[in-house]
Amino acid sequence: MTIYDHIKTLLKTKLTDVAALHGWVLPAEIPEFTVEAPRDPKHGDIATNLAMTLTKALGKPPRVIADAMVAALKNDASYTSVEVAGPGFINLRLASTIWQEQLKTILNAGTHYGDLSIGKKEKVCIEYVSANPTGPMHAGHVRGAVFGDALSNLMQKVGYDVTREYYFNDAGTQVDVLARTVHLRYREALGEAIGDIPAGLYPGDYLKPVAEKLVARDGKKWLGQPEEAWLLPIREFAVAAMMEAIREDLNMIGIKHDVFSNERDVIENGTLDKVFKSLEDKDLIYVGTLPPPRGKEMENWTPEPLTLFRSSQFGDSSDRSLKKRDGTWSYIMPDIAYHYTKIQRGFKLMINVLGADHGGYLERMRPAIAAISDGSAKLDGLFCQMVKVFNNGEAVKLSKRSGNIITLREMVEEVGADSVRFTILTRSFDSQFEFDFAKTKEQSRDNPVFYIQYAHARCSSVLRHAAEMFPKADLIASALAQVDLSVLTSEDDIALIRFLCNWPKLVEAAAQTREPHRVSFYLYELAGHFHSFWNKGKDDATLRFLIEDNPALTMARMALLKGITTVIASGLAVIGVKPLEEMR
RNA sequence: GAUCCCGUAGCUCAGCUGGAUAGAGCAGUUGCCUUCUAAGCAACAGGUCGAUGGUUCGAAUCCAUUCGGGAUCACCA
């Protein structure tokens, strides 16, 4: 229970007393009100809009209600000041002992401070990246990858049982194209002049090493053979090689999935047929024709009978075709079957992190999931908007076709994994994101992530100095939690503790809204408070952390520092950045 | 024709599910290193929150309309 929740319950009971005293009739449900740290510290430690939310129900102006509450709260020793302000806010200032206690709570919790149990250990499958193994990870993938990873961290922190999952298509036309391209590169590697890569195959050099590995394994085995002979084995080889490369790329930026699933398994182990049959059994499959797509000029549109799924029964705008004209499955059917395997594995909550270019995906997949789970499972889709890549202000067109891509590898090598992660996580996922490669590279040293890292390094440095200055002192968190903190009375000390106490609340809000970027901003602000405090010590010796002739205050400040490093480390863990002990 | 996202300082972005005088970084100007790390701090300057209406004690935030940018609406994932 956070300090804010605690105050909230106290206020509720106080409100009933006040109402009884004045003969007010409270509504059966007290309207929801906020208890939070106001933006402006002048407004006290804690502000509540309680009075304002009750104006309607009580038929009284907010200030009248607020005044009555204030009168009742005034004689409580927990509050050093209680006042009405603005339109009817009640501003409270808590006794410093309360904040000092909170700091001990933080120290005892360690980096688990901010861990919550709102997830109730519910299993959640978070699927992200899921790029098909036809090319290297590029700038467009990085956003979803980092976002999904941070979201997973966040969901774990609030008590979900998270599985990080990657699903790839290794059975469709795209991987056939991959295989053909590799075969061409293979001929090239064996000395043949292949000229330009023909349209319809993948350009770019990244398949050359794959072809060379194929030569190393198989020699000239596939030369002069018909496509039927080499397509499947080369496809398998190429998919494995690309997935290996993708895994390595993701690893560079600190991303590891728990489970990799693929389309072929779903088809070959019979799951797909089973799911299709169960849909038939539920009478959700029929053969019919679809109207032509609206708003699009389809000159060559001819209605054709197709195998359709009655997704409109589940809120979809139209029924969906599960098979192509040639009788093979359209992508949606294996995807349905794949999601069925998730449900079979016990996931009632599934989150898919997708690119904005997958717009209609949810609309189509949700009905299917409702059908196969009989409504018991829920799919959430989070759509990361496009990343527009610039190079010194000039737009770079990302196109696999032309081979013009900025790869994840380039980004990480030039800018650094921490900077890339942090840059992505200082934007909300649903707004478009402009990434200027040249500028980011040039300013990589100015990246805000180092501002946070630096705060952590400074704290660590002081703790090292403290160990030298007071060799007998025990500076581990559990020991510092036992220190007498009553000497931490300055407004700056208390303000810092107060800010640390916002952490659990922030984690909760970030998880509920699925917005890990809030963590970044919080950490940045926390680092700012710390740096500011630090510099005050230059003018005011009583605000320094290490004060040689005052061991008692120094130890209390070490407790504060430990609290700061604890929360920073706890937050950086969500972002996926390692805290640094030292920066020079 | 329909759906989704975005529009906030010169640029890149926040704005805590409706709160008090709308914030930060970068860019610009000015100060601060004999003392715990200057990858830092302090200060100045910069805004019709795209527009119009509505909801209420109160709107950048919610609703409607509208303009602008992006994405999606095929049997490609």
Side-chain angles (χ1 to χ4, degrees), chain A residues 34 36-40 42-43 47 49 52-53 55-56 61-63 85-89 91 130-132 169 172-174 263 290 292-296 298 301 304 306 317-318 321-326 328-332 335 355-363 383 385-386 388 393 423 426-436 439 443 445-448 450-451 453-455 457-459 461-466 469 502 505-506 509-510 512-513 515 517-518 520-522 524-525 527-528 530-539 541 544-547 554 557 561 582-584:
Chain A
T34 58
E36 58 194 0
R39 194 181 286 273
D40 187 344
K42 282 179 201 146
H43 296 133
N49 63 355
M52 290 181 283
T53 62
T55 44
K56 204 154 210 185
R63 291 195 69 110
F89 287 99
N91 293 338
S130 291
N132 286 336
N169 297 97
T173 44
Q174 293 197 16
E263 186 180 4
L290 288 176
R294 270 185 250 164
K296 250 193 172 179
M298 297 287 286
W301 173 265
E304 190 108 358
L306 294 165
S317 57
S318 118
S321 157
L322 299 183
K323 283 185 184 176
K324 302 182 204 169
R325 284 182 192 193
D326 63 9
T328 60
W329 298 111
S330 67
Y331 82 92
I332 195 170
D335 267 27
D357 55 339
H358 285 64
Y361 188 82
L362 255 197
E363 190 192 1
F383 296 91
Q385 295 299 310
M386 298 285 101
K388 279 188 176 177
T423 303
T426 45
R427 284 148 172 83
S428 98
F429 65 88
D430 58 5
S431 85
Q432 273 177 52
F433 168 24
E434 297 190 11
F435 182 86
D436 193 306
K439 276 189 192 166
Q443 294 170 357
R445 218 183 133 80
D446 285 332
N447 193 291
F450 298 123
Y451 185 79
Q453 299 267 42
Y454 188 46
R458 267 182 163 174
C459 290
S461 167
V462 179
L463 285 161
R464 286 193 296 271
H465 282 284
M469 195 179 274
N502 292 339
K505 234 189 147 180
L506 184 117
Q512 275 168 351
T513 54
E515 292 181 342
H517 75 273
R518 295 189 189 205
S520 309
F521 282 93
Y522 171 83
Y524 193 85
E525 214 179 321
F530 165 73
H531 287 308
S532 182
F533 189 103
W534 173 278
N535 277 73
K536 279 186 182 170
K538 293 189 171 175
D539 296 328
R544 291 169 65 79
F545 292 95
L546 294 172
I547 305 171
T554 301
R557 288 258 160 80
L561 274 187
E582 193 174 358
M583 285 168 89
R584 291 287 174 184

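Because the structure is a prediction, the values reported are computed rather than measured. Just so we're on the same page: letters track the sequence lines, and every chain starts at 1.
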If you check every side-chain atom of [X], which of [options] has the closest atom?
X       : options                   : answer
A356(A) : rG19(B), rA71(B), rG25(B) : rA71(B)
T55(A)  : rC57(B), rG15(B), rA14(B) : rC57(B)
D430(A) : rC5(B), rA71(B), rC76(B)  : rC5(B)
E582(A) : rC13(B), rU37(B), rA14(B) : rU37(B)
S532(A) : rA42(B), rU37(B), rU12(B) : rA42(B)
Y454(A) : rG40(B), rA20(B), rC26(B) : rG40(B)
P38(A)  : rA42(B), rC26(B), rA20(B) : rA20(B)
R427(A) : rG19(B), rC76(B), rU12(B) : rU12(B)
D357(A) : rA71(B), rA20(B), rU21(B) : rA71(B)
A85(A)  : rC26(B), rU37(B), rA20(B) : rA20(B)

Sugar-phosphate, base or nothing in reach of [X], heavy atoms under 4.0 Å:
X       : value
A466(A) : nothing
F433(A) : sugar-phosphate
H517(A) : sugar-phosphate
Y522(A) : nothing
H43(A)  : base
T328(A) : nothing
K505(A) : nothing
F521(A) : sugar-phosphate
G360(A) : sugar-phosphate
E434(A) : sugar-phosphate

Query raised in the report: Any idea which heavy atoms bring M583(A) and A457(A) closest together, and the distance?
Result: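 Smallest heavy-atom distance, with atoms named: N-CB, 3.9 Å.
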
Report task. Would you name the heavy atoms of I547(A) and A541(A) that are closest together and state the gap between them? Result ->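 Nearest heavy atoms, I547(A) then A541(A): CD1-O, 3.9 Å.
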
Query - Quiz item: N91(A) side-chain donor-acceptor pair to rA20(B) base, under 3.5 Å - result: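 A donor-acceptor contact between them is present.
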
Query raised in the report: Hey, does the side-chain of R325(A) have a donor or acceptor N/O within less than 3.5 Å of a partner on the base of rC75(B)?
Result: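 Looking at the base of rC75(B), it does pair with a donor or acceptor on the side chain of R325(A) (distance under 3.5 Å).
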
Query raised in the report: Mind checking who rA51(B) pairs with, Watson-Crick or G-U wobble, both distances under 3.5 Å?
Result: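 Paired with rA51(B), as far as the under-3.5 Å criterion goes, is rU65(B).
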
Query - Pair S461(A), E582(A): side-chain N/O donor-acceptor within cut-off below 3.5 Å - result: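 No - no donor-acceptor pair under 3.5 Å links their side chains.
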
Query raised in the report: Side chains of D335(A) and Y361(A): do they bring a donor and an acceptor to under 3.5 Å?
Result: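 D335(A) vs Y361(A): donor-acceptor pair found between side chains.
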
**Report entry** F450(A) or P62(A), whichever maps to the more 5' nucleotide of RNA chain B
**Finding:**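 By nearest-heavy-atom nucleotide position, the 5'-most residue is F450(A).
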
Query raised in the report: Starting at the 5' end of RNA chain B and moving along, which residue's nearest nucleotide shows up first, F89(A) or Q385(A)?
Result: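 Nearer the 5' end of the strand: Q385(A).
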
Query - Interatomic distance at P, rU61(B) relative to rA2(B), whole Å - result: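 Those two atoms are separated by 24 Å.
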
**Report entry** Euclidean distance for C1', rG68(B) against rA51(B) (whole angstrom)
**Finding:**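 Between the two C1' atoms, the distance is 11 Å.
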
Requested in this report: Determine, step by step, whether V462(A) and R557(A) satisfy the side chain to side chain contact (heavy atoms under 4.5 Å, CB included) criterion, reporting the C-alpha distance in whole Å, the side-chain angles of both residues, the deciding distance to 0.1 Å, and the verdict.
Outcome: CA-CA 10 Å; V462(A) 179; R557(A) 288 258 160 80; over 6 Å; no

Query - Whole-Å gap separating P (rG19(B)) and CD (E36(A)) - result: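 From E36(A) CD to rG19(B) P: 7 Å.
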
Requested in this report: Nearest whole angstrom, please: distance from the P of rC11(B) to the CD of Q443(A).
Outcome: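 So the two atoms are 15 Å apart, to the nearest Å.
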
Query raised in the report: Taking the six-membered ring for Trp, are F545(A) and H465(A) ring centroids under 6.0 Å apart?
Result: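 Distance test on ring centres: not under 6.0 Å, no.
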
